[in-house]
Amino acid sequence: MSAVKMDGKALSDKVRGSILAETEALKQRGITPGLAVIIVGNDPASEIYVRNKEKACAACGFYSEKYALPAETTQDELLGLIAQLNESPRISGILCQMPVPAHISAQAVIDAIDPRKDVDAFHPVNVGKIMVGDFDFVPCTPAGVMELLAAYQIDPAGKECVVIGRSNIVGKPMAMLLLHKHGTVTLCHSRTQGLDEVCRRADILIAAVGKAGFVTPDMVKDGAVVIDVGINRNAAGKVCGDVDPAVMEKASYMTPVPGGAGPMTITMLMKNTLKAAKLQNGL
Ligand code: NDP
């Protein structure tokens, strides 16, 4: 039996519709959510992500500003721009597209963003809030995964949840969110011993590795829910996930790539921006 495909595109469109409706209502009260997106240099993948974020802002009725800075921009110049945006009343959320060029410290950039405008939820204040379970913003990719699980009525409570990948932007916050929902969470990485066996225990298996086809059917328990966060390109240049599509035959639910976790990520950024605008206006 083939798994139910978890349609991240359809859910994303639905959530954007409700964000737009809420934005229209806020505008009646004189509040327009505003997102500032900064890109330094001209990494082609980053340019696509930034363009998609601008499009999503338009779809949600937001005001947006884009700052495309040359690769030679100094760290001081970038931090100066962030300081201005921190003070700007038109801007509810600020994000700097990663990676930044090597001469700029990514952590210094993250630290410079006002935590109240940190819609990526990368600032240590927001990371700490996620840890204690009392947070306003959630990193967008794990937040999107949680929305997908909820939309398909998959409750992590009491389940074996295995996350492969421990990055600050995906794996670690993913594990925390599952833990807050009472999953029994195992967080795996490149030093994990017996990974295949650990994965076979999973009721919910989340792959955030960055390696095409890394999760094969023999690593998946019959009927598991499999979430594929990976965005990779195969030898033919086609976008593919971390999970071998043949896993569809073993899983009960699975996200396709593209069209699964990916579309949800930017929509969660919009959700965080809307929330930032509301919080900054005492709502
Ligand atoms: P990172 O490269 O930062 O992290 C990869 C993780 O995978 C690391 O923790 C690494 O372990 C682990 N890993 C690597 N090889 C193995 C292995 N052989 N066995 C077990 N674990 C391994 O990647 P990201 O978290 O940033 O991204 C992961 C994937 O998700 C990428 O394909 C990326 O493109 C995609 N992505 C998708 C997004 C979306 O919108 N859907 C958003 C962000 C990312 P270790 O820590 O030990 O090195």
Side-chain angles (χ1 to χ4, degrees), residues 5-9 11-12 15-16 37 43-53 55-56 95-100 106-107 110 119-122 127 130 137-149 161-178 185-202 205-216 218-220 226-235 237-245 254-272:
K5 260 193 199 175
M6 301 172 81
D7 189 343
K9 173 77 178 69
L11 180 59
S12 172
V15 176
R16 282 186 197 188
V37 181
D43 175 61
S46 293
E47 281 174 358
I48 295 172
Y49 290 136
V50 166
R51 212 173 310 134
N52 288 338
K53 286 168 189 178
K55 276 191 205 156
L95 82 81
C96 182
Q97 186 65 44
M98 297 292 167
V100 286
Q107 194 59 50
I110 290 168
V119 284
D120 264 336
F122 293 165
V127 174
I130 291 159
F137 308 126
V138 188
C140 302
T141 302
V145 172
M146 296 309 284
E147 289 245 359
L148 267 168
L149 291 175
C161 304
V162 174
V163 180
I164 322 173
R166 57 172 162 180
S167 70
N168 287 336
I169 62 167
V170 187
K172 279 186 212 164
M174 187 73 254
M176 289 312 302
L177 295 185
L178 289 164
V185 182
T186 307
L187 185 51
C188 303
H189 45 78
S190 64
R191 309 283 186 95
T192 299
Q193 303 272 313
L195 180 70
D196 293 21
E197 211 172 293
V198 177
C199 289
R200 275 193 293 273
R201 290 207 305 260
L205 178 62
I206 299 184
V209 190
K211 290 187 173 159
F214 182 83
V215 175
T216 47
D218 58 301
M219 296 165 74
V220 177
V226 180
I227 307 284
D228 189 353
V229 170
I231 301 177
N232 314 296
R233 284 195 186 269
N234 66 13
K238 193 168 166 268
V239 172
C240 59
D242 288 347
V243 179
D244 179 341
M254 184 163 146
T255 54
V257 177
M264 289 303 290
T265 296
I266 293 184
T267 298
M268 294 301 101
L269 175 70
M270 300 299 117
K271 205 170 168 182
N272 280 345

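Since we're looking at a predicted model, the values are computed, not measured. Residue indices begin at 1 and follow the sequence shown. Numbering of ligands and ligand atoms starts at 1, following listing order.
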Counting only N and O atoms by type, is there a donor-acceptor contact under 3.5 Å from the side chain of Asn232 to the main-chain atoms of Gly241?
-> yes
For atom 30 (O) of ligand 1, which candidate among Val198, Leu187, Val229 holds the nearest heavy atom?
-> Val229
Is Gly262 in contact with ligand 1, taking contact as a heavy-atom separation below 4.0 Å?
-> yes
Nearest non-hydrogen protein atom to atom 15 (N) of ligand 1, with distance, is Lys211 NZ, 3.0 Å
Is Thr255 reaching over with its side chain to a backbone N or O of Asp228, donor-acceptor style, under 3.5 angstrom?
-> yes
Closest by any non-hydrogen atom to atom 43 (C) of ligand 1: pick that one out of Leu269, Val170, Val257.
-> Val170
The closest protein heavy-atom partner of atom 26 (O) of ligand 1 is Ile169 CD1, 3.7 Å
For atom 11 (O) of ligand 1, find the nearest protein heavy atom and state the residue, atom name and distance (0.1 Å precision).
-> Ser190 N, 3.2 Å
So which protein heavy atom does atom 16 (C) of ligand 1 come closest to, and at what separation?
-> Val209 CG1, 3.8 Å
Does some non-hydrogen atom of Thr192 fall short of 4.0 Å from ligand 1?
-> no
Within the distance-only criterion (no hydrogens, no angle test), does the side chain of Asp196 pair as donor or acceptor with the backbone N or O of Met219 below 3.5 angstrom?
-> no
Any donor and acceptor pair, going by atom type alone, linking the side chain of Asp244 with main-chain N or O of Gly213 inside 3.5 Å?
-> no
Would you call Gly171 a ligand 1 contact, heavy-atom distance under 4.0 Å?
-> no
How far is atom 12 (C) of ligand 1 from its nearest protein heavy atom, and which residue and atom name does that atom have?
-> Gly165 CA, 4.0 Å
Heteroatom distance test (Arg166, ligand 1): nitrogen or oxygen, under 3.5 angstrom | yes
Numbering the atoms of ligand 1 from 1, which are under 4.0 Å from a heavy atom of Gly210?
-> 28 (C), 29 (C), 31 (C), 32 (O)
Starting from atom 25 (O) of ligand 1, find the nearest protein heavy-atom neighbour and note its residue, name and distance.
-> Ser167 OG, 2.5 Å
Considering heavy atoms of the protein only, find what lies nearest to atom 38 (C) of ligand 1 and give residue, atom and distance to 0.1 Å.
-> Thr141 OG1, 3.8 Å
Please determine which of Val145, Ile164, Asp242 meets the side-chain contact (heavy atoms from CB on, under 4.5 Å) test together with Val229.
-> Val145
What's the shortest distance from atom 19 (N) of ligand 1 to any protein heavy atom, and which residue and atom give it?
-> Phe214 CZ, 3.4 Å
Does Thr265 approach ligand 1 within less than 4.0 angstrom via side chain, backbone, both or neither, non-hydrogen atoms only?
-> side chain
Nearest atoms (heavy-atom pairs only) where Cys240 meets Ala212 | SG-CB, 3.6 Å
